[in-house]
Amino acid sequence: MALGALALALVIRLGLGFMRGATDASIGPGRRLAWTLALALVSGLALVAMPVLGYFAGAGLVGVATALLLGERRPVLGVLVPVVIAGIVTLGARWGLHIPLP
Amino acid sequence: MNTMRRIGMAIAACTLFVQTHGALAGDYPSRPITIVVPYGAGGTTDISARQMAAMAEKVAGQPFVVENQPGSSGTNAMRAVAAAKPDGYTLIATTSSPSFVTPALRPVGYDTTTDFIPIMNYSGPYHGVLVNADAPYQTLDELITAAKSGTAVTYGTAGAMGGAHLAFTSVANQTGAALRHVPFDGASAATVAVLGKHVDVALVPAYRDLVQDGKLRLLAVLDGTRDPDFPDVPTLKDAGYMAEFPSIVGILAPAGTDGAIVAKLEKIFTDVASSDEFKAFMTKLGQPVRVISGEALKATIAENLAAYRDLAKQMGRSK
Amino acid sequence: MLWNAFLSLLDIWVLVAAVTGIVTGIIIGAIPGLGPTMAIALLIPATFSMQPIPAMILLLGVYQGAIFGGSISAVLLNVPGTPSSAATAIDGNALARRGEGGRALRIALYASVFGNVFSCLVLMLLAEPLARFALDFGPAEMTVLMLFALQVIVLFGGGSRLDALIMVLVGICAGVVGLDPIDGSPRFTFGSFAFESGFQLIPVLVGLFAMSEVFIQVFSRRSETGDPEIPDLKPARVSLLDLWRMRAILVMSSVIGTFVGILPGIGSTVPAFMSYNLARSRSKEPETFGAGAAEGVAAPEAANNAVTGGALVPTLALGIPGDAVTAVILGAFMLQGLAPGPFLFKNHGVEVYAIFEALLLSSLPTVVFGLLLFRVAVHVIRIRPQHLFPAIAILAALGAFSVNNSLFDVWVMLGAGLLGFFFRRSGFPISPLLIGLILGHPFEQSMRQALLMSGGSLGVFVDSPIALGLLGLTGVSLATSVLFSLREKRRDSE
């Protein structure tokens with residue numbers, strides 16, 4: 001029954017998708033999309049590495065990548081700020097909130 | 001002061017990663033011990049385990065750190081602890097469902113009988129067979145007789161394929177009664193349903209006040225022993241049905257833990273659980289204190305795991 | 001009794017507890033992914049040694065504070081701190097982008113306080129009869145109610161209804177993953193244990209709203225075309241007259257919030273969106289919604305805060321919690337020797353009424369501290385994105401992880417973030433997806449429970465007057481909506 005509902009929902013969705021196909025907005029310039037996907041990829045890599053390297057390193061990596069991709073070019077601000085934030089968050093979560101971070 | 005202690009605990013927990021040498025039973029415990037709770041922070045299992053940990057710390061001289069690892073009705077935490085190093089520094093405070101109910105139904109990635117050594121049992125809420133006070137049934141027999149003679153009786157439980165569901169399925173199988181199961185999302189929702197007369201029966205814990213207030217009637221308890229709050233109410237077995245759902249809240253260690261360490265832990269936890277202070281705390285929480293030795297707990301788990309596997313097979317749901 | 005209860009509040013510790021609770025709650029709530037459940041669970045050990053009244057006031061202050069705190073980040077950053085403030089983000093953030101963040105926050109604050117006071121009064125005066133009324137809502141009635149809620153989300157959300165419907169369906173499909181609610185068998189788990197819990201709400205929320213915002217910022221970064229424009233901060237007065245003009249919306253939203261709060265298992269997100277949509281459909285200028293309408297901030301905020309009082313009704317009167325937060329609060333009450341349930345009001349009347357009165361009076365410190373906090377918080381919007389969004393990405397990972405302490409949820413968050421990014425870029429509304437995910441599972445469960453109870457007969461949905469009434473309401477609103485849009489079309493063609 002649940003499967004039926006799911007199949008029905010998917011069929012409706014696809015049908016509607018075709019009907020609306022013409023009005024869909026384009027997603028935007030490809031180069032920006034590539035950068036966005038790059039951030040997703042870096043975040044994914046950081047997640048894969050997180051059980052080994054720990055939350056601090058992983059989160060720091062994501063933070064630095066985000067900062068650089070957002071156009072920060074000054075090394076102090078682009079690298080140090082995210083790393084410091086990651087450090088504060090890690091310490092706060094582990095000792096303040098008792099979350100057993102990897 | 002509390003903060004100071006927490007900081008101390010934190011520093012101590014930090015050294016956990018630094019120390020690498022294996023502990024000998026003689027100087028055990030030489031560093032903080034982690035007790036994993038398979039449910040979220042703030043629930044009854046968590047609160048009672050935290051109290052247990054705080055009191056055990058005074059006896060053992062080392063901090064007991066409680067860590068929550070919720071998800072998949074407790075099986076995530078069980079799997080993690082089963083894989084932990086059996087050095088006595090990682091324990092789990094677990095309940096019936098992930099120890100012998102869920103493993104009988106589907107693959108969970110561990111076997112409670114071979115992957116764990118039970119240390120002791122300290123609590124376990126009684127599950128009751130409850131009907132609305134306006135319902136015509138005064139005893140369990142009346143209920144079953146009605147269900148046998150064609151009245152469709154619906155019963156609500158805390159969730160699909162839980163221990164209560166399986167126990168009542170077994171009653172239905174034995175008697176041929178038409179008992180229709182309606183699973184709810186948690187015991188509270190099932191209690192609401194019987195209070196609102198949407199189901200005829202609910203198999204839930206935490207019923208004391210509602211029964212004493214005259215909103216619900218307790219026909220039987222699913223446990224192996226009677227609820228001390230209601231000594232006149234029979235267990236399923238007393239009432240003549242061969243089924244039970246023994247509720248446990250116990251501490252287990254990964255298999256391979258040194259026997260001397262297990263004995264030491266059993267003594268520490270048994271001393272704590274038998275103390276008046278712990279009993280007073282649990283009474284406030286509305287939970288019973290039920291001290292059972294590690295050996296007996298092991299037997300209970302093994303017995304019930306086998307029984308539930310059989311039952312699951314009968315229902316066509318063997319794993 | 002009320003006077004005695006009031007006297008017991010004249011204690012400096014009560015004030016300290018209220019202020020600490022509210023401030024802690026606001027801060028934790030403002031962090032995406034960390035919500036009231038976690039904040040309360042964290043503080044419970046600290047209350048062991050406290051007197052019952054300050055202890056409970058501390059915890060309930062955290063509860064209310066956290067629900068409100070979520071809307072601060074929703075308004076200023078377009079990143080809701082808790083699921084229930086996702087509706088606030090729509091118009092709140094639109095206001096903030098026009099430089100009216102201070103005004104949006106004040107409206108949110110006053111609406112929250114209104115919702116709190118309203119539901120608290122309901123709790124004080126009507127707890128027992130309402131708890132009994134809630135019992136009449138069985139699986140069949142809940143099914144119809146959720147159907148109505150889904151319909152309100154789809155029909156009155158503004159924008160394309162087809163888009164909203166598609167997103168609700170995507171959400172419901174995502175909700176199917178995990179264990180079957182009736183027979184407990186795994187569905188779409190691909191043999192992986194991690195999938196058995198399904199997609200949890202918090203990681204999906206954080207991904208859809210916070211992480212996708214990060215992606216969108218990276219996508220459309222402005223630094224190539226010069227510095228990002230920072231809007232001037234406009235004066236942020238909200239006069240009593242403004243609130244008086246919104247009185248109907250405030251009352252309606254508070255009623256919805258309180259009512260849904262009393263019923264188990266729906267939570268505060270759905271009533272927030274329902275109020276938002278209903279406020280929009282009632283508005284004389286619905287086109288301002290989404291572009292910074294004051295009512296669009298007030299309605300969801302009044303509703304999600306009113307849920308707190310409503311959710312406490314069954315918790316305290318019957319000892320039956322409706323959700324995770326109230327379950328934790330229930331435990332805290334028990335530890336203080338105030339076991340909720342039928343005997344609570346009889347045996348501990350003074351304490352309970354003292355706690356209620358404190359909840360009412362705590363509106364004062366909430367307003368004072370809220371306003372103080374705003375002075376600092378509005379400047380967050382002036383932080384450059386390249387410094388702000390790394391922090392949001394880091395906090396998003398933490399928030400997702402903290403739900404179950406598992407990395408799987410962080411993956412879910414990242415996936416939802418990417419999905420949310422594509423949906424938002426292609427102009428789909430993402431809030432209906434959230435609602436679909438929240439309601440999909442309980443909707444299926446209630447419907448199948450009702451059918452199990454009736455032995456498969458559909459008659460169960462029209463058997464009780466409540467279900468019948470709700471079905472009628474659903475039908476009427478569907479009909480008016482269709483008629484309205486037809487009329488609009490005709491007017492357009494003329």
Side-chain angles (χ1 to χ4, degrees), chain A residues 1-3 5-6 8-10 12-13 16-17 19-20 23-29 32-33 35-40 43-44 46-47 50-51 55 58-60 62-73 77-78 81-83 85-86 88-90 92-93 96-102, chain C residues 28 31 34 38-39 41-42 160 162-163 165-166 168-170 172-173 176 180-182 187-188 211 214-224 384-398 401-402 405 407 410-411 414-415 417-418 421-422 425-427 440 444 447-448 451:
Chain A
M1 181 167 147
L3 275 171
L6 179 76
L8 188 72
L10 281 174
I12 295 174
R13 210 177 92 67
L16 292 181
M19 273 163 58
R20 303 183 10 93
T23 60
D24 271 347
S26 81
I27 201 120
R32 307 274 358 132
L33 183 66
W35 283 121
T36 313
L37 290 180
L39 174 61
S43 312
L47 256 178
M50 216 179 253
Y55 174 83
V62 174
V64 171
T66 315
L68 293 179
L69 286 171
L70 277 167
E72 182 57 68
R73 288 291 172 266
L77 285 174
V81 169
V83 169
I85 295 172
I88 295 173
V89 169
T90 311
L97 303 176
H98 303 288
I99 300 171
L101 290 171
Chain C
I28 292 194
I31 299 175
L34 306 188
M38 167 155 214
L42 196 72
S160 156
L162 279 182
D163 284 0
L165 181 66
I166 290 172
V168 165
L169 288 175
V170 171
I172 293 177
C173 292
V176 172
D180 183 304
I182 300 297
R187 297 192 297 210
F188 297 95
M211 202 63 204
V214 174
F215 286 136
I216 285 197
Q217 290 291 332
V218 169
F219 186 84
S220 59
R221 77 169 199 232
R222 302 253 181 81
S223 55
E224 286 174 344
R384 281 157 176 265
Q386 59 261 47
H387 304 146
L388 183 64
F389 285 95
I392 290 181
I394 291 169
L395 284 173
L398 172 78
F401 180 81
S402 69
N405 295 340
L407 278 176
V410 188
W411 281 107
L414 194 62
L418 213 52
F421 164 73
F422 284 118
R425 279 301 304 171
S426 16
E444 181 199 349
M447 187 163 75
R448 287 172 66 183
L451 290 175

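Chain letters run A, B, ... following the sequence lines, proteins first and then strands; every chain starts at 1. Predicted model, so just to flag it, every value in this text is computed and none were measured.
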Undergrad: Check whether A:L37 gets within reach of chain C through its side chain, its backbone, both or neither, counting any heavy atom under 4.5 Å.
TA: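 When you check distances to chain C, only side chain atoms of A:L37 fall under 4.5 Å.
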
Undergrad: Provide the closest heavy-atom pair for A:A59 versus C:I394 in the form atom of the first, atom of the second, distance.
TA: O-CG1, 3.5 Å

Undergrad: Hey, which of A:T66, A:I88, A:V64 has the most heavy atom pairs under 4.5 Å with chain C?
TA: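 The candidate making the most pairs under 4.5 Å is A:T66.
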
Undergrad: Between C:L414 and chain A, which part of the residue has a heavy atom less than 4.5 Å away: side chain, backbone, both or neither?
TA: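 It is the side chain, since no backbone atom gets that close.
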
Undergrad: Once rounded to the nearest 0.5 Å, what's the spacing between atom CG of A:L39 and atom CZ of C:F421?
TA: 10.0 Å

Undergrad: Locate the shortest heavy-atom distance separating C:P390 from A:G63; write the atom from each residue and the value.
TA: CB-O, 3.4 Å

Undergrad: If you compare all heavy atoms of C:L418 against all heavy atoms of A:A40, which two are closest, and at what distance to 0.1 Å?
TA: CD1-CB, 3.7 Å

